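In what follows, a single structure is set out as structure tokens and then discussed.
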Amino acid sequence: MDFKLSEEEEKRRKEFFEGCKELSKEKPKDFIDGIEAEYEKANQPYITRCRKEFAKRGWLRLGWPPEYGGVGSHMDRVFFGEARGYYVLPGVDIFGIEMLAPTLLAMGNKEVKDRYLPGIGDGDTLWCELYSEPNAGSDLAAVTATAIRKGDEYVINGQKTWTTNAHNADWGFGLFRTDPQGRKRRNISFLLMDMKAPGITINPLEYLNRMHMYNEVFFDDVHVPADQIIGEENQGWAVSQALVNFERSNVLAVSAVGRLLETLVEYCNETKVGGKPLAQDPFIRNKVAEMAVEIEASRTLAYYIADQQNRNQLAALFESSAAKVFIGDIYERLGALGTDILGSYGQVSASRWARQRGVWESMYQAAFVLTISMGTNEIQKNIIAWYGLNMPRPLSPVSVEKALATAQAAK
Amino acid sequence: MDFKLSEEEEKRRKEFFEGCKELSKEKPKDFIDGIEAEYEKANQPYITRCRKEFAKRGWLRLGWPPEYGGVGSHMDRVFFGEARGYYVLPGVDIFGIEMLAPTLLAMGNKEVKDRYLPGIGDGDTLWCELYSEPNAGSDLAAVTATAIRKGDEYVINGQKTWTTNAHNADWGFGLFRTDPQGRKRRNISFLLMDMKAPGITINPLEYLNRMHMYNEVFFDDVHVPADQIIGEENQGWAVSQALVNFERSNVLAVSAVGRLLETLVEYCNETKVGGKPLAQDPFIRNKVAEMAVEIEASRTLAYYIADQQNRNQLAALFESSAAKVFIGDIYERLGALGTDILGSYGQVSASRWARQRGVWESMYQAAFVLTISMGTNEIQKNIIAWYGLNMPRPLSPVSVEKALATAQAAK
Amino acid sequence: MDTSFTEEQTMLRKSTADFLVEKYPEAKVREIEESDTGHDLEIWRGMAELGWMGLVIPEEYEGMGMTFQDLSIVLEEMGRNIAPGPFFCTVLEGAYPILDAGSEEQKKEFLPKIANGELIFTLALLEADDIHDASGIAVRAVPKGDDFVINGIKLFVEQAINADYMIVVTRTREGASPEDGITLFIVDAKAPGVHCEVIPTIGMEKLCEASFKDVAVPKKNILGELDKGLPIVRKVMERAAIAKASESLGAMDGIVPMTNDYLKDRVQYDEPLAQFQALQHIMADMFISLTTSKYLVYKAVWMESEGLPCAKEVAMAKSYVNQNYKELSRWMIRLYGGNGTHREFKPGLYYRRAKAASIAFGDTGFQREKIARAIGLVS
Amino acid sequence: MDTSFTEEQTMLRKSTADFLVEKYPEAKVREIEESDTGHDLEIWRGMAELGWMGLVIPEEYEGMGMTFQDLSIVLEEMGRNIAPGPFFCTVLEGAYPILDAGSEEQKKEFLPKIANGELIFTLALLEADDIHDASGIAVRAVPKGDDFVINGIKLFVEQAINADYMIVVTRTREGASPEDGITLFIVDAKAPGVHCEVIPTIGMEKLCEASFKDVAVPKKNILGELDKGLPIVRKVMERAAIAKASESLGAMDGIVPMTNDYLKDRVQYDEPLAQFQALQHIMADMFISLTTSKYLVYKAVWMESEGLPCAKEVAMAKSYVNQNYKELSRWMIRLYGGNGTHREFKPGLYYRRAKAASIAFGDTGFQREKIARAIGLVS
């Protein structure tokens, strides 16, 4: 077991860090660090600036095949995530870069790849993910929005919600029921669509801290050309589950959290109460050290997952779930610790009264971006228990009812 | 809402505290404080001394009807528990006093009451509870030990386990299956028996910290006169559930834990590291204060439960479950905190090297006496969720199988 | 001992809840919160009609002469409904200190007007260095003729923009000990030289910066004695701490059944979430957290109400509720899932208020240090 | 970077496990633990045959010349099997300091004999005041002719009753700073004036009181330089800390599948306990605790093995595993229920050892203070 990066890797990692450091110098004054900064309206010019710079350097095509301008490896994606996290930089559309592009590369035909990959790699097209619905959150397979084939088109009706960044996105990809009679994982198709198409209405949903990240999206007879399907009709569930190349190390969040802790250490060193720096309080020392340990544990785990996944895309699946739960909990607790250490200032929002630009108050509210999104901690624990530890799935009353009905029908 | 005790109550409470204080002065030198001290072999002479003194004062008949020499009220039982807890005194056989006596008073006929109550009230007869079996722990209704009626006797075969104090007990009460075909809550009877009867074998089970509290009890054709049944044959489950008069405030444990914290405060004040008392370490101050708060929360809750139960025996049932979980967790964590504060000495067992007579090392091991015994914390949480919060019980595969079988049989 | 509420108290709770549920529906709470003033005059008048501001003011000053325990019931219900406005500061930081330390003249002047809703009061205590104790008081008041002249800046002054009067804690003498030379003034909040500005905070309770520039206050407006104001401040802080704990407890008592109902309603995987044992145990933990908080608060409230010494009990209740309200509201959001993170849903309201409540009148660290001393840890 | 073990390491793990499972069945562990010596000579010889004591000793001193990382694999397996005995102290507290600081003569004298199992070593460091640093060293060694004479008492000396030699940390000069004047001696444990007695501890690892009464030690037995022994001690402590973390990690890696199996086997309410989602989530938490511990330890082991500076990483790994081993063993007992509290079941063995392991070579508070300094909190 060897944690040493090769010289080449060290060099690449340094490039990413230096590139990100340069960009970070252009951060607007009122930019509040946080992994949710990607969606803040006031940040949009800077976000575009970052995205264009990343595109120029080829960093939005990391690990892609050469024919689509791909450069670098899976580890480069990890280094890039680490660097962006450390400088808390926005500018990577995770829906296009991390989710759709790998899906297209794995499941799309040449035509759709040629059509959509360049916009993603050049940072020209922003995407959103049309998955969740009001009654399909953790249970995604319960989607009810429909896409009914009519001639060369699908006609879409229904509602999506918690649609991150829909207000900025040019295009969307999502899951729609192509046969309304179908249940659960069957009869779902994976479609791409222009978010400016007639019939699409986007309503903002304010997040706790007022950030505009989520939206509700309504579809009223939206026409989508039939060739904007990925995979076969009714096979969309499988397409959505095929994100094998998804980078699962969470290194970006880990790195961002590490940086935030560094700023907290600075605060404790600089801030005196009763003439003594906060940093000298043994209680604070203990708690900050504890947090530093957990972040370091996340970091080493992230590298383990990255390395294993680099060797085998299907490796370390349950470790990834563990890593996600863990960093989510850390994010919640770091927000709590930071605001506690700030005392009365821990409640102050960004303003001239705020300390550390209000980052802790903002983080305290944004705390749930990791524990709830993309599979809640509770869902991750189910995955670990049922698949990682092979514990039996509890029975669902519905499955039981079905079994009973089957037994009775057999009469 | 009024937390003030009446003058009469204050007077009674003081009597119990003073009585217990006097007795505590006779504690053997090697007596290690802890709520498990009741079962330690070396403590037996002192335990007997305490029990006899309690009996003399009538404190083993608190709340009984006058015809059985009863004195005092439910609140007296609470005060007595609090006083015993504070001085960490043994000498009350909870199986006789807290469990069997109320059961006999509620469900027994005059004959059995006359036969067994005096021995309990005089502290002459010690009892043990023959409930748990190797495969019937949390799920008590799964008992399989049998009591088959033959003429005027029941003949008992099978095994019990985790039988606290069986090695000191004169008599036992327990649940036995009077019809081996019967399932679960049916066909169980509640029987009393002489633990010296032929055919009973008692094997000690060492607890983590070597204390001899638990036993395995084997029954090999043990003959029990049929009039030693309480309630009707096959109605034993109901008898065992009828402990309405059981004092549920947990005040004894709460009080004992409070006292242990006081000794920890003394230790922190007296012990200097690098010339400074441990008590001046802000981390220790924070953690000890936190524990003090939780103990105080337990104490006020105990008084609430006691008062409500004093007014209505069925009141505050779910609050009792909450209180039990809470004080159990506190007991575990106080053991951890105490041993942590003692540093290297936290691992030292009672010996000339031990600090505070080794009480913390012992407690660290005995930690589970509250979280596992008498309904684990997990079982208590089920009770709170299912009955207190009216959440639906998850389905059991067995019940489902039965439903399926029924459906199929209906063909 | 009787750990049940009296029939009168139960009725008081019910009538309070009825009023709040009617007047403070969630949308109204949000509207007030988002408004510039954070204060709804119509509701304020409704409260005055019900006599709430005068609940604990003796009848001789036109109040209802009820107890602190009765007040705590109103506060619990306000917490449950997350009712914003200047009620808390007017009663706890205005009426009470005047009752504690005011001259007969001051009582006659201010208490009836507080009772009938004419005056809004608040307390200006904290300063930039955020020290909750005598050594944190640097704002000076200097004698000048019949007046004192106040200069300096106070922070986190609740509802100062709406206040008619502020009780301002000043330093009037630099003594050997910082505990000497603290004086309280009843200051006209609209007087020349007073300037208030809202500090944006997570709880949106209109905590303000109040700056004083050559503000002249007549000597007769000294509350209590010159230079000896610290004990008054400490008493106000202690009472406000347990009052804030009551308010928090009310919120917690709302969170548990509301979350339980949500889990029973919300269906995923064809089942109500309440069916999942992992979530059941979280709910059980929430019930335990609520239940263990309740009587700790109630006992401290009772002691405060009876005038018994209860510094330790108050610190315990406040520190415990600080943590548990934050924790319950956090779990409420987690169990509501995506819906929990919407600003317009109730979980977020509780979550944001819980943070603010945990800071007000002494955060957990502050309270635990008090407790450490009270249980005898040498310092 | 390659976060997998090499094939050789996997084989080493397997052969280690095979030996331990065969030689250290649970009953044997208990027998050794309960014995007066805590040391089984037959097993010791078996280990010597496999070359374990010489694993990290260079071939020129008759060892196998393997790495610290290789050793950590053996330690993990020993942790998993809770193997008692003098292996840890002989290698970590004997062989390594001699390798680090010994003269060529000392190396030639002691290392081959350690490698072939002839000598048991241990380190006598702590004293009554339990300070894990230079200021805790008060036992004096005073020069007398060609010898130094040692007087005083050391505590918590592992396996001292079985040791042939003890490395004794003494004070040879009272300097301006407590860090000056620390000298290490290789002391014959059977020399006149040495007396060892077992301190009963929760881990039953035969931690001893070692008292020295006018014990004469020749100057040539100084390990390292006179008065300059502190860096050697610190290095030994750091390496032993991460080694103890490896041992703990092995135990944790045993606890998780063992508990999982138990839940699958144990039927209550007609179902395997594994069927209950509340317990499933506890198991998932245990898996997370184990998984997050693993690579933190492995990275620190790798750094130590490569000779990279790793004081911070070691402190992090040790502090984290201190807590998680205790926590996992606690949950193991809780999930085993009544069976978990029996002394004769495995959960209790782990639980007791976890406490001992968390104390050895720096408890969590000690390590966190180190970390606080390392991450730049000013002190």
Side-chain angles (χ1 to χ4, degrees), chain A residues 1-6 9 75 261-262 265-266 268-269 277-280 282 284-290 292-294 296-308 310-311 316 318-319 321-323 325-326 329 377-378 380-386 388-395, chain D residues 1-6 9 69 256-257 260 263-264 271-272 274-277 279-303 305-306 308 312-313 315-317 319-320 323 364-365 367-379:
Chain A
M1 187 169 281
D2 178 2
F3 286 82
K4 192 173 167 54
L5 297 181
S6 71
E9 285 173 324
M75 286 310 288
L261 190 79
E262 285 181 19
V265 168
E266 280 163 32
C268 292
N269 286 344
L278 286 173
Q280 285 178 9
I284 289 179
R285 293 175 82 75
N286 189 302
K287 288 287 148 193
V288 172
E290 178 182 22
V293 171
E294 295 184 23
E296 185 63 21
S298 288
R299 197 192 320 271
T300 51
L301 179 57
Y303 261 89
Y304 169 78
I305 291 167
D307 175 58
Q308 291 294 320
N310 191 28
R311 291 158 198 280
F318 311 117
E319 284 83 355
S321 286
V325 171
F326 194 62
D329 280 341
N377 276 17
E378 287 66 41
Q380 303 297 339
K381 288 183 192 178
N382 285 345
I383 291 171
I384 291 170
W386 300 341
L389 298 168
N390 286 311
M391 301 177 92
R393 267 186 91 129
L395 292 175
Chain D
M1 184 166 63
D2 184 352
T3 56
S4 306
F5 287 100
T6 65
Q9 288 174 326
Q69 199 178 49
V256 171
N260 192 16
L263 294 181
K264 288 175 183 168
E271 296 185 57
Q275 182 82 40
F276 293 95
Q277 198 195 21
L279 307 188
Q280 292 177 348
H281 279 212
I282 294 171
M283 276 308 305
D285 283 331
M286 290 172 71
F287 176 82
I288 294 166
S289 169
L290 170 64
T291 302
T292 52
S293 301
K294 233 176 213 175
Y295 305 97
L296 194 59
V297 172
Y298 286 160
K299 184 164 178 197
V301 164
W302 169 74
M303 292 178 85
S305 202
E306 293 287 303
L308 301 166
K312 181 178 86 173
E313 286 77 5
M316 284 183 158
S319 71
Y320 194 59
Q323 298 306 98
T364 305
Q367 304 294 356
R368 286 200 187 146
E369 175 50 31
K370 276 193 157 184
I371 294 159
R373 263 176 278 142
I375 62 174
L377 284 164
V378 298
S379 61

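Not measured: the values here are computed from a predicted model. A note on names: the letters A, B, ... follow the listed sequences, proteins ahead of strands, and every chain is numbered from 1.
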Quick one: what part of [X] sits under 4.5 Å from any heavy atom of chain A, side chain, backbone, both or neither?
X	value
N260(D)	side chain
T291(D)	both
Q280(D)	both
K264(D)	side chain
L290(D)	neither

What I'd like to find out is whether the side chain of [X] reaches to under 4.5 Å of the side chain of [Y], using heavy atoms alone.
X	Y	value
L377(D)	R373(D)	no
K370(D)	K312(D)	no
F326(A)	L301(A)	no

Any idea which of [options] has the most non-hydrogen atom pairs under 4.5 angstrom with chain D?
options	value
A385(A), A279(A), P392(A)	P392(A)
N310(A), I383(A), N286(A)	N286(A)
M1(A), K381(A), K287(A)	M1(A)
Q308(A), E262(A), E319(A)	Q308(A)
I284(A), L278(A), N269(A), L261(A)	N269(A)
E296(A), Q280(A), E290(A)	E290(A)

Between chain A and each of [options], count heavy-atom pairs under 4.5 Å; write down the option with the most.
options	result
T292(D), T364(D), I371(D)	T292(D)
S289(D), P272(D), A284(D)	A284(D)
V256(D), I288(D), D2(D), I375(D)	D2(D)

Side chain, backbone, both or neither: which part of [X] has an atom under 4.5 Å from a heavy atom of chain D?
X	value
N390(A)	both
R299(A)	neither
E266(A)	neither
N377(A)	neither
V325(A)	side chain

*Report the distance from atom CE of M303(D) to atom CZ of F3(A), rounding to the nearest 0.5 Å.*
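So the CE of M303(D) and the CZ of F3(A) are separated by 10.5 Å.
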*Checking side chain to side chain contact (heavy atoms under 4.5 Å, CB included) for the pair I282(D)/M286(D): CA distance, chi angles, key distance, verdict?*
CA-CA 6 Å; I282(D) 294 171; M286(D) 290 172 71; 4.2 Å; yes
*Verify side chain to side chain contact (heavy atoms under 4.5 Å, CB included) between Y320(D) and M316(D), making sure each step is shown before the conclusion.*
CA-CA 6 Å; Y320(D) 194 59; M316(D) 284 183 158; over 6 Å; no
*Distance only, no hydrogens: is a donor on one side chain within 3.5 Å (strictly under) of an acceptor on the other, for E313(D) and T300(A)?*
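No, no side-chain donor-acceptor pair sits under 3.5 Å.
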*Have Q380(A) and S321(A) got a donor and an acceptor in their side chains that come within less than 3.5 Å?*
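Looking only at side-chain atoms, S321(A) and Q380(A) do form a donor-acceptor pair, the distance falling under 3.5 Å.
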*Under the side chain to side chain donor-acceptor pair (under 3.5 Å) rule, collect the residues that match up with Y298(D), sequence neighbours excluded.*
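Listed in chain order: E76(D).
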_What verdict does the side chain to side chain contact (heavy atoms under 4.5 Å, CB included) test give for Y295(D) and Y303(A), after you've listed the backbone C-alpha separation in whole Å, the side-chain angles of each residue and the deciding distance to 0.1 Å?_
CA-CA 9 Å; Y295(D) 305 97; Y303(A) 261 89; over 6 Å; no
*Given R285(A) and R368(D), is the side chain to side chain contact (heavy atoms under 4.5 Å, CB included) satisfied, shown in steps?*
CA-CA 8 Å; R285(A) 293 175 82 75; R368(D) 286 200 187 146; over 6 Å; no
*By side chain to side chain contact (heavy atoms under 4.5 Å, CB included) - contacts of K4(A) (at least two apart)*: D2(A), W302(D)
